[in-house]
Structure formats: structure tokens, C-alpha cells
Amino acid sequence: PGSPRVAIVTGSSSGIGEAVVKQFCQEGLQVLAVDANPQGENVADAAGAVFYHADLTTSAACRGAVEEAIKRFGHVDILINNAGIQHVAPLETFPEAKWRQIIDLMLTAPFLLTQAAWPYMRQSSWGRIVNVASIHASVASPGKAAYVSAKHGLIGLTKTAALEGGELGITANAICPAYVRTPLVESQIADQARLNGMPEQEVIDNVMLKNAAIKRLIEPSEVAALVSYLASDKASAVTGASWNMDLGWTAQ
Ligand code: NAD
């Protein structure tokens, strides 16, 4: 009953974020789609969401996103922290600026967005925070120091928010996917193929799916379906959890 729930989705212009925006709009939610890529306007329009153009590596942009949701819709019920980037380099030469950008976007922005959305969720005694982490929140891969560190940190933020939100009707959970078929992964496949001089299918089979029991990439809509569940009333007993969607990667 009452007005539809309001969701903020970050990294909404492509991949998993785009799939989540579509899923939420289909469910009748009001969605603020946040992305640094202005192309996101078209994605948001097509799905029926409102677009907010922002580079979430700044605190002003994080606070601005929540203020925009309040201005447009009057409240914030659901926060999906999804925006992310990758940079691959050995520790020894990993650029400090890339480290800081990745930590700012993938750990500090989720913290600031959670902090800004929290009072509105507390007021209505209902809130859902879903952090799109990664299988790299529990295992590492060489060359991904910043990404792996940010994702491990995001699990800590998720658990802390779960404890503090427990009495307030606010749940916080993380989703940990293995490789999902998105532009982020497609560019990694192309890079690795060039780097190792192998066909792209070989990169997928021998590098990305080496540890997978199910030998295929995950589709963005499959991640969106789990986000949708965790953001729903049905998931009110689930909090502080890290949900693997990893094709069996970490079963061994
Ligand atoms: P993607 O590149 O398709 O989408 C990421 C979006 O984030 C893009 O639209 C991009 O413009 C946006 N973005 C980048 N920097 C930003 C900034 N500074 N401010 C605002 N927006 C910014 O990637 P994806 O694969 O859909 O990844 C989404 C999330 O899922 C990321 O957090 C990623 O780490 C995580 N993830 C992806 C995979 C995978 O295999 N694709 C696996 C596990 C986890």
C-alpha cells in the first residue's frame, strides 16, 4: 500500500546496473539511475527511470544523488551500490591514482550513499541496501590489488550496516558474482586475448571459467533477479549476508 518504493541504482548505464534498473522499473518501483556516463540518460529513459549524471568518486556527488532522489520522489527505500571499474597491474607498479579512484568509487561511495540514505530508511523503518561485490570479495586474483581490496572492504561495510540496521528495519547484503557478461568483462576478455595471443573463447574457457563448475558466463539479468529478491519484503530475514553467484567457483 502507499506510494511505490524508491530505489537508487549506481552504475546504471550498462551491465548489471542497467539490468537492475530494468528489473525495478518492470516491478513498478521509482528508480533514480546514477552514472558518470551521460549515455545513461538513454538507458534510464528507455526503462522509465530518472537519470542522475554523477561521478561518484566525490562526496558531493554521493550526497547529491540521495538529495536528487528526495527531490524527485520524496523518499529513499532501496540503495543498490553497483558502480565499479577494474584496473589490472602488478602490485609493484600499480598506479596510486588508480588505487585511490577504485577505493573512492567502490568502497567510499557505498559508505557515503549508505550514510546519506540511512535517515530516510530509518524514518520509514524500512530499508534495503544491496552491495554488488564480487567473488573477488573472498578470493584474490593477481594484478587486481585495488579491486580485490575494495570488494573485501565492501563486505565489512555490508556487515556493519546489517548490525546497525537490525533494529531499524534496514537490511544490508552483498552479492558476489563470478564473471558476468557485461562490457567490463568483454573488454577484459579482449585484453587477455591480445595479451596472451589466444582466441577469446579460449580466454573464457581457460582463464575465466577455469575454476567454475558451470562453464558459462553469468547473465546480468540473473544478478538482477537476486538483487530484486534481496530488495523485496520477502527478504526481511536476510541481512549481513554475502550471496555467492559464482558458478561453483568457491565450492572447491
Ligand atoms: P559495467 O562496466 O558494465 O558497468 C559499470 C558502470 O559503472 C558503468 O555504467 C560506468 O559508467 C559506471 N561508472 C564507472 N565509474 C563511475 C563513477 N566514477 N561514477 C559513477 N558511475 C561510474 O560493469 P558491470 O560488469 O556491470 O559491473 C557492475 C558491478 O558489478 C561492479 O561493481 C563490478 O565490480 C561488479 N561485478 C562485475 C562482475 C562481472 O563479471 N562483470 C563480476 C563481479 C562483480
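Index from 1, following the sequence. Both ligands and their constituent atoms are indexed starting at 1 by order of listing.
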A.B. asks: Measure the spacing between CG of Leu56 and OG1 of Thr108 and express it to the nearest 0.5 Å.
C.D. replies: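 Interatomic distance, Leu56 CG to Thr108 OG1, rounded to 0.5 Å: 11.5 Å.
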A.B. asks: Looking only at protein heavy atoms, identify the closest one to atom 36 (N) of ligand 1 and say how far it is in Å.
C.D. replies: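 Going atom by atom, the protein heavy atom closest to atom 36 (N) of ligand 1 ends up being Tyr147 OH, 3.6 Å.
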A.B. asks: Counting heavy atoms only, which part of Ile218 comes closer than 4.0 Å to ligand 1: side chain, backbone, both or neither?
C.D. replies: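 Within the 4.0 Å criterion, Ile218 makes no contact with ligand 1.
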A.B. asks: Would you say Ser14 and ligand 1 have an N/O pair spaced under 3.5 Å apart?
C.D. replies: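 By distance alone, the answer is yes.
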A.B. asks: Does one hydrophobic cluster hold both Leu79 and Val31, with members joined at side-chain heavy-atom distances below 4.5 Å?
C.D. replies: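 No.
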A.B. asks: Distance from Leu32 atom CG to Ile70 atom CD1, nearest 0.5 Å?
C.D. replies: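 Here the rounded value is 10.0 Å.
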A.B. asks: Should the pair Trp99 and Phe94 be assigned to parallel (<30°), tilted (30 to 60°) or perpendicular (>60°) ring geometry?
C.D. replies: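 Trp99 and Phe94: perpendicular rings.
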A.B. asks: Which of the numbered atoms in ligand 1 are below 4.0 angstrom from a heavy atom of Ile16?
C.D. replies: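 Heavy-atom distances to Ile16 below 4.0 Å select 26 (O), 30 (O), 37 (C).
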A.B. asks: Check ligand 1 against Leu105 and write out every atom of the ligand that is under 4.0 Å from a heavy-atom position of the residue.
C.D. replies: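 Per the distance check, 15 (N), 16 (C), 17 (C), 18 (N), 19 (N).
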A.B. asks: Give me the residue, atom name and distance of the protein heavy atom closest to atom 2 (O) of ligand 1.
C.D. replies: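 Checked against all protein heavy atoms, atom 2 (O) of ligand 1 sits closest to Leu184 CB, 3.5 Å.
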A.B. asks: Starting from atom 44 (C) of ligand 1, which protein heavy atom do you reach first, and at what distance in Å?
C.D. replies: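 Result for atom 44 (C) of ligand 1: Ala133 O, 3.0 Å.
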A.B. asks: Quick one: look up the protein heavy atom nearest atom 43 (C) of ligand 1 and list residue, atom name and how far away it is.
C.D. replies: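 Closest protein heavy atom to atom 43 (C) of ligand 1: Pro177 O, 3.2 Å.
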A.B. asks: Is it true that Lys151 lies under 4.0 Å from ligand 1, counting heavy atoms only?
C.D. replies: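 For ligand 1, residue contact (heavy atoms, under 4.0 Å) with Lys151 is present.
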A.B. asks: When you look for heavy atoms under 4.0 Å from ligand 1, do you find them on the side chain of Val180, its backbone, both, or neither?
C.D. replies: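 The answer is both.
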A.B. asks: Are any of the N or O atoms of Ser12 closer than 3.5 Å to those of ligand 1?
C.D. replies: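 No - when backbone and side-chain N and O of Ser12 are compared with those of ligand 1, no distance drops under 3.5 Å.
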A.B. asks: Please identify which atoms of ligand 1 are closer than 4.0 Å to at least one heavy atom of Val132.
C.D. replies: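 Every atom of ligand 1 under 4.0 Å from some heavy atom of Val132: 29 (C), 30 (O), 32 (O), 35 (C).
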A.B. asks: Can you check which of Cys62, Ala61, Gly84, Gly40 brings a heavy atom nearest to atom 5 (C) of ligand 1?
C.D. replies: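 Ranked by closest heavy atom to atom 5 (C) of ligand 1, first place is Gly84.
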A.B. asks: Can a cation-pi geometry be assigned to Lys22 and Phe24, taking NZ or CZ under 6.0 Å from the six-membered ring centre and within 45° of the ring axis?
C.D. replies: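 Checked: cation-pi criterion not met.
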A.B. asks: Would you say Asn82 and ligand 1 have an N/O pair spaced under 3.5 Å apart?
C.D. replies: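 Looking only at distances, the answer is yes, because the N/O contact criterion of under 3.5 Å is met.
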A.B. asks: Checking a contact table here: which protein heavy atom is nearest atom 7 (O) of ligand 1, and how many Å away?
C.D. replies: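 Ranking protein heavy atoms by distance from atom 7 (O) of ligand 1, first comes Gly11 CA, 3.5 Å.
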A.B. asks: Judging by distance only, is a nitrogen or oxygen of Met106 under 3.5 angstrom from one on ligand 1?
C.D. replies: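 Not met; the criterion fails.
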A.B. asks: Verify the distance criterion only: is there a donor paired with an acceptor across the side chains of Glu27 and Ser228 at less than 3.5 Å?
C.D. replies: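 Ser228 and Glu27 do have a side-chain donor-acceptor pair below 3.5 Å.
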A.B. asks: Taking only non-hydrogen atoms of Ala54, do any sit less than 4.0 angstrom from ligand 1?
C.D. replies: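 Contact check Ala54 vs ligand 1: positive.
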A.B. asks: Are a donor atom and an acceptor atom from the side chains of Thr158 and Asn131 found within less than 3.5 Å of each other?
C.D. replies: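 Distance-only check passes for Thr158 and Asn131.
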A.B. asks: Considering distance alone, does some N or O of Thr182 sit under 3.5 Å from an N or O of ligand 1?
C.D. replies: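 Yes.
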A.B. asks: Show the atoms of ligand 1 that are less than 4.0 angstrom away from any heavy atom in Ile85.
C.D. replies: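 Those atoms are 14 (C), 15 (N).
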A.B. asks: Of the backbone atoms (N, CA, C, O) and the side-chain heavy atoms from C-beta on, which set of Asp55 has a member under 4.0 Å from an atom of ligand 1: side chain, backbone, both, or neither?
C.D. replies: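 Near ligand 1, Asp55 shows its backbone as well as its side chain.
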A.B. asks: Checking side chain to side chain contact (heavy atoms under 4.5 Å, CB included) against Cys176, which of Thr250, Leu154, Asn244 comes through?
C.D. replies: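 The passing option is Asn244.
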A.B. asks: Taking atom types as modelled, is there a side-chain donor on Ser13 or Asn37 under 3.5 Å from an acceptor on the other?
C.D. replies: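 Result is no, nothing qualifies.
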A.B. asks: Could you check atom 19 (N) of ligand 1 against the protein and tell me its nearest heavy-atom contact, residue, atom and distance included?
C.D. replies: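 The protein heavy atom lying closest is Leu56 N, 3.0 Å.
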A.B. asks: Check whether any side-chain heavy atom of Met106 sits under 4.5 Å from a side-chain heavy atom of Tyr147, and report yes or no.
C.D. replies: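 Answer yes - side chains close enough.
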A.B. asks: Relative to the heavy atoms of Tyr179, which atoms of ligand 1 are at a distance of less than 4.0 Å?
C.D. replies: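 Answer, ordered by atom number: 40 (O).
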A.B. asks: Considering Asp35, Asn37, Thr10, which one's heavy-atom position lies nearest to atom 10 (C) of ligand 1?
C.D. replies: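 Ranked by closest heavy atom to atom 10 (C) of ligand 1, first place is Asp35.
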A.B. asks: Can you list the atoms of ligand 1 that are under 4.0 Å from a heavy atom of Gly15?
C.D. replies: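 Near Gly15, meaning under 4.0 Å from one of its heavy atoms, ligand 1 has 3 (O), 26 (O).
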A.B. asks: What residue and heavy atom of the protein are closest to atom 21 (N) of ligand 1, and at what distance?
C.D. replies: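 Here the nearest protein heavy atom works out to Ala36 N, 3.3 Å.
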A.B. asks: Between His136 and Ser141, does the side-chain hydrogen bond (donor to acceptor under 3.5 Å, both in side chains) criterion hold? Intermediate values first, please.
C.D. replies: CA-CA 7 Å; His136 285 117; Ser141 290; 2.6 Å; yes
A.B. asks: Do Cys62 and Phe111 come within less than 4.5 Å of each other through their side chains, counting heavy atoms only?
C.D. replies: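 They are not in contact (no side-chain heavy atoms under 4.5 Å apart), so the answer is no.
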A.B. asks: Quick check on Ala178 - does any of its heavy atoms sit under 4.0 Å from an atom of ligand 1?
C.D. replies: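 Per 4.0 Å heavy-atom rule, Ala178 contacts ligand 1.
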A.B. asks: Under a 4.0 angstrom heavy-atom cut-off, which atoms of ligand 1 come close to Val185?
C.D. replies: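 This gives 39 (C), 40 (O), 41 (N) as the contact atoms.
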A.B. asks: Could you measure the distance from the CD1 atom of Ile129 to the OG1 atom of Thr114? Nearest 0.5 Å is fine.
C.D. replies: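 With rounding to 0.5 Å, CD1 (Ile129) is 4.5 Å from OG1 (Thr114).
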A.B. asks: For a 4.5 angstrom cut-off between non-hydrogen side-chain atoms, does Ser3 reach His75?
C.D. replies: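 Yes - at least one pair of side-chain heavy atoms lies under 4.5 Å apart.
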A.B. asks: Looking at side-chain heavy atoms only, is the closest gap between Leu230 and Trp243 below 4.5 Å?
C.D. replies: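 A side-chain contact exists here, since the closest heavy-atom pair is under 4.5 Å.
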A.B. asks: I'd like to check Trp249 versus Leu209 (side-chain heavy atoms, cut-off strictly below 4.5 Å). Are they in contact?
C.D. replies: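 The answer is no, as the side chains (C-beta and beyond) never meet within the 4.5 Å cut-off.
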